[in-house]
Amino acid sequence: MVKKACKTCGALVMKDICPTCHDSKLTENWKGRVIVIEPENSDIAKKMGIKKKGEYAIRK
Ligand SMILES: [Zn+2]
């Protein structure tokens with residue numbers, strides 16, 4: 001199964017609902033992947049507004 005990106009927060013998910021923001025607006029047309037391990041110490045996470053660790057799409 002292809003991972004989908006949440007349109008709201010960008011999280012990559014294998015389900016039909018985003019576990020981070022509980023949104024069901026997902027897209028398969030995402031590009032670029034960033035893995036956030038420590039959101040509080042990551043400049044990318046700050047720029048993207050990511051507060052939880054996980055896998056995110058850069059473009060969604
Ligand atoms: Zn989300």
Side-chain angles (χ1 to χ4, degrees):
M1 194 179 161
V2 183
K3 282 192 182 176
K4 295 174 188 171
C6 172
K7 287 261 201 186
T8 304
C9 70
L12 293 179
V13 296
M14 295 284 278
K15 301 171 184 169
D16 290 327
I17 285 183
C18 172
T20 304
C21 62
H22 306 287
D23 205 315
S24 59
K25 291 189 206 85
L26 308 173
T27 176
E28 286 180 20
N29 291 319
W30 54 273
K31 280 203 176 73
R33 178 169 21 179
V34 60
I35 294 168
V36 176
I37 296 157
E38 293 180 274
E40 55 282 355
N41 294 323
S42 164
D43 288 338
I44 298 169
K46 279 174 197 156
K47 263 184 212 163
M48 292 173 67
I50 295 167
K51 293 184 177 71
K52 284 173 81 173
K53 67 176 176 182
E55 225 179 334
Y56 293 85
I58 292 169
R59 280 205 277 158
K60 58 185 189 294

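Atom set for the values below is all heavy atoms of this structure, side chains included, hydrogens, waters and symmetry mates excluded. Both ligands and their constituent atoms are indexed starting at 1 by order of listing. The structure presented is a predicted model; accordingly, all values stated were derived computationally and were not measured.
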J.: Do Val13 and Pro19 come within less than 4.5 Å of each other through their side chains, counting heavy atoms only?
T.: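 Yes. Closest side-chain heavy atoms under 4.5 Å.
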J.: Should we count CG of Asp16 as having more than 12 external heavy atoms under 6.0 Å?
T.: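 No - once you tally the heavy atoms of other residues, nucleotides and ligands closer than 6.0 Å, there are 12 at most.
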J.: Of the non-hydrogen atoms in Thr8 and Lys60, which two are nearest, and what is the gap between them?
T.: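 So the minimum-distance heavy-atom pair works out to O-CE, 4.0 Å.
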J.: What protein N/O/S atoms are there under 2.8 Å from the Zn ion (ligand 1), waters excluded?
T.: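 Correct list: Cys6 SG, Cys9 SG, Cys18 SG, Cys21 SG.
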J.: What do you reckon, is CD1 of Ile58 surrounded by more than 12 foreign heavy atoms closer than 6.0 Å?
T.: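 Enclosed: over 12 neighbouring heavy atoms sit under 6.0 Å from CD1 of Ile58.
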J.: Test of understanding: with side-chain contact (heavy atoms from CB on, under 4.5 Å), list the residues that count as partners of Glu40, not counting sequence neighbours.
T.: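 With neighbours one apart ignored, the set is Glu38.
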J.: Measure the shortest side-chain to side-chain distance between Lys51 and Thr20 over non-hydrogen atoms and say whether it is less than 4.5 angstrom.
T.: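 Contact flag for Lys51/Thr20 side chains = no.
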